[in-house]
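Here's the structure, in structure tokens; my notes come after.
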Amino acid sequence: MQSEIDLLQGLNDKQLQAVTLPHISALILAGAGSGKTRVLTTRIAWLIQTSQTSPMGLMAVTFTNKAAKEMLTRLTSMLPINTRGMWAGTFHGLCNRMLRAHYREAGLPSTFQILDTADQLSAIKRVMKVMNVDDEKYPPKQAMGYINGCKEEGLRADAVDAYDGHSQKLREIYAAYDQQCNRDGVADFAELLLRCYELLQREPHIRAHYQQRFQYILVDEFQDTNRLQYLWLKLLGGAHNSIFAVGDDDQSIYAFRGARVGNMSDFQRDFKVENIVKLEENYRSHSNILDAANAIITNNTNRLGKNLWTSAGKGEPIRIYEAYNDTDESQFIVDEVNMLQNEGVPLSDIALLYRSNAQSRILEHSLFSANIPYRVYGGLRFFERAEVKHALAYIRLIANANDDTALLRIINFPPRGIGARGLEQLQEGARQNDCSLWQAATNKVGEGMLGSKGLEGFVGLIRHMIDQTYGITLGEVAEMVINLSGLMAHYQNDKEGEDRVENLQELVTAAVAFSKQDLGNHHNMEEDADLMTQFLNHASLEAGDHQADVGHEALQLMTVHAAKGLEFHSVFIGGVEEGLFPHEQAAYENGGLEEERRLMYVAVTRARQRLYLSYAQSRMLHGQVRYGIASRFIDEIPEDLTKRLNSKPAAKTYATGGQYTPAKSTQSSYPFKIGQGVRHGKFGEGVIVSYEGNASDLAVKVNFGSAGLKTLMLEYAKLEKI
DNA sequence: TTCCTACGATTTTTT
DNA sequence: ATCGTAGGAA
């Protein structure tokens, strides 16, 4: 057993202060690269080692499975404890666990399944169809956003305000959707949190149980919590427990999905936090990089206030490159990457960051031509792939035949002659008897209805599968399902189906691995759902990681969002242009620009040694040429921290691209930046949102608020800066 | 039932 | 440009 001294060794004063705080609620403002995870894990280790609590007496909450895993890994390297059974995980994972343990009180079947986003959307479409809602007027995606938004605010349909016909209809859809989920015995992601919150609120003895148990609650990335998550924490934190919240308001980049930075100040107020511990010493980057990051973020208002510093030297200047178009930009990046490689920097320690995924294509193209191995993060995760979801849907039906979402996914896949009419009859039957589609199907088959051969086959198949399941392992179940369902044969016959066949095999492997890993995991009988259900949960809650992990020897390409929490020797940020970064869409949103700036702050602070910023005078976007100017964020970096790799815009001629004429001087083409406030004779005051057209025929899109969004020819509009 | 075409949208993303 | 979806034709 290591001594306390060992545990605390090497911490700086602030870190030490944070780690050894007494049993009070505290807010740790942890800047980028300030050792946040270390503080969090050391705090846990210290609490346990000094016997202030046991591994069972605390709860640690994170946003991603990756963060949870890393925390536990580090913890076991500090203390020889078994972390299995510890309440450390994501909000969703922990809520799921509570709901499983108290499924009766929560009003859920013991085998309830979790809908991922795609499942949820199809469930909503289904409800809307039953309700005969015009999906032109109410796009299902929008309805989903509405429903999730409400749930994340902690509101059920009956508690939501509806002002007009439109919102009343949405509320109706919400109510009907919840009803359908209840009947199917399924819960979407937001439902896990809301139902758990309601459970704790409604059942005093359950609430008391957990409040007594979790005397210490630790929360990571607190700035990303939404309202419901905060309410949930508040409920669990109770009156006597301590919540140790770690976060960084400057790195809040998820407001668009409901994160409320305001939770940080609410927390201070509600939990009477006296001291905020600020971790400002950065162990990652040289000071030029940090100074640039500080200079950028200073332009935001309403910050809790924090300034990163380092004892490392100034380091290299920030390199800025102005490309004349996107091809030039990616070529520049390729050249520099080659140089870095020659200098001995491993490819996996170099990252190409961009604001939007669309930017990766051209980079990939250049990298491919230059034979540089790269890895792009993002896209579909393993458990989200169609073939995997199909196989899982069969398993879901075995676990809970009332799961209509699962049934609809595979009732006719692989094709077995159940077409639209047959399905409609089935749904009608289900509606009349107010039962699940499966029950309707068995009824129909039981009655010996004619003309439903396909249906008969399907019901027989599922029943057969259920029979087969008894007494075999999870891996064997997976194997049995992909074979009996015909999925495997279907993809084997498809000449494009090679990858899919592999993924199905991989699913069997995953199932086998899961049951092995799970063998040692049966401590707690009360929350011991059967293995199949656990595996399905695992598939929904951990669809696989989007974020980079142990890099193979490949260049790392990802969005800035995906780069949060990571660091690299060298970082390229591409497309640092007005309209792209900050993104033009952000100009519409309240506080959108500040979030973009925080995003830039996150991007900049990923670099240890070297940082490149590049922008292009023109770029292909949505099949059209767009002209851009350098992002305001570049202007916000003091000149003396930067080095222009090519001379400044003015009268530059481009030797590399003789066939192109450079765009006009940015000065004359773009009198206004995106986001600039303007006044118009007729429409009043507005904000420049984007540019359209080419340099000789330039139009601006201006958001005039009440007067709406207008596209104006710059030449005639007579706009005035305000 | 399957395949093709036309249309629309297209910031960021975890669970 | 390009991708996914929805709806119609073979």
Side-chain angles (χ1 to χ4, degrees), chain A residues 61-68 89-96 114-122 125 135-136 139-141 145 148 151-152 187-194 196 220-221 224-226 228-229 252-259 326 353-362 365 377-381 383-384 386 412-422 454 494 537-547 558-565 575 579-589 592 595-596 598-600 602-603 619-626 690:
Chain A
V61 201
T62 62
F63 274 86
T64 65
N65 293 298
K66 191 183 176 193
T90 63
F91 279 100
H92 299 267
L94 297 175
C95 286
N96 178 49
I114 299 164
L115 299 184
D116 70 11
T117 313
D119 296 332
Q120 188 187 16
L121 187 62
S122 79
K125 284 181 181 165
D135 58 5
E136 301 263 289
K141 281 220 175 92
N148 289 337
K151 289 190 180 184
E152 279 161 11
D188 59 55
F189 288 131
E191 182 70 24
L192 292 176
L193 296 177
L194 181 52
C196 185
D220 190 19
E221 306 277 17
D224 288 338
T225 49
N226 62 35
L228 179 56
Q229 285 159 341
S252 159
I253 56 174
Y254 287 113
F256 71 91
R257 66 173 199 215
D326 45 2
L353 309 184
Y354 33 81
R355 173 68 237 272
S356 61
N357 283 309
Q359 288 166 254
S360 79
R361 174 166 285 120
I362 186 144
H365 182 82
Y377 294 90
L380 279 189
R381 278 100 48 96
F383 285 111
E384 289 169 353
N412 197 33
F413 195 90
R416 51 177 69 89
I418 304 174
R421 331 162 232 104
D494 183 350
N537 282 190
H538 166 81
S540 308
L541 291 173
E542 299 189 49
D545 241 316
H546 242 168
Q547 270 209 329
M558 65 194 88
T559 63
V560 179
H561 283 94
K564 191 177 168 203
L580 207 57
F581 200 176
H583 199 280
E584 59 190 12
Q585 301 275 69
Y588 297 109
E589 289 155 26
E595 179 146 319
E596 294 291 305
R598 291 192 292 269
L599 200 49
M600 187 53 138
V602 169
R619 102 171 35 242
M620 214 47 165
L621 200 64
H622 308 322
Q624 281 190 321
V625 178
R626 293 259 309 230
S690 68

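First the proteins, then the strands, lettered A, B, ... as listed; each starts at 1.
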How far apart are the C-alpha atoms of A/Y254 and A/K564, what are their side-chain angles, what is the distance that settles it, and do they pass the side chain to side chain contact (heavy atoms under 4.5 Å, CB included) test? CA-CA 11 Å; A/Y254 287 113; A/K564 191 177 168 203; 4.3 Å; yes
When A/P415 and A/S540 are each assigned the nearest nucleotide of DNA chain B, the 5'-most assignment goes to A/P415
Result for 5'-nearest mapping on DNA chain B, choosing between A/I253 and A/G93, is A/I253
Could you tell me the separation between the CD1 atom of A/I418 and the P atom of B/dT1, rounded to a whole number of Å? 9 Å
Given atom CZ of A/R257 and atom C1' of B/dT12, what is their separation to the nearest angstrom? 9 Å
Report, as a single string ordered 5' to 3', how protein heavy atoms within less than 4.0 Å touch nucleotides 2-10 of chain C: B base, S sugar-phosphate only, - not at all. SS--S----
Do nucleotides 3-11 of chain B as a string where each nucleotide becomes B, S or -: B if the base has a protein heavy atom under 4.0 Å, S if just the sugar-phosphate does, - if no protein is that close. -------BB
Tell me what A/Y254 touches on the nucleic acid: a base, only sugar-phosphate, or nothing, going by heavy atoms under 4.0 Å. sugar-phosphate
Answer yes or no: does a side-chain N or O of A/N537 lie under 4.0 Å from OP1 or OP2 of B/dT15? no
Residue of the set A/L115, A/L541, A/L194 for which side chain to side chain contact (heavy atoms under 4.5 Å, CB included) holds with A/F189: A/L541
Base B/dT15 paired with A/T117 side chain (donor-acceptor, <3.5 Å): yes
Is any side-chain heavy atom of A/M620 less than 4.5 Å from a side-chain heavy atom of A/R626? no
Salt bridge A/E152-A/R257, side-chain N to carboxylate O under 4.0 Å: no
Mind checking ring-ring contact (aromatic ring centres under 6.0 Å, His included) for A/Y354 and listing every partner two or more places apart, or none if nothing turns up? none
With sequence neighbours excluded, residues passing ring-ring contact (aromatic ring centres under 6.0 Å, His included) with A/F63: A/F91
Looking at residues at least two apart in the chain, or sitting in another chain, which of them share a salt bridge (charged side-chain N to carboxylate O under 4.0 Å, His left out) with A/E542? A/K69
Got a sec, which residues hit salt bridge (charged side-chain N to carboxylate O under 4.0 Å, His left out) with A/D116, two or more places apart in sequence or on another chain? A/K389
Aro-ring/base stack A/F63-B/dT15, d under 5.5 Å, angle under 30°: no
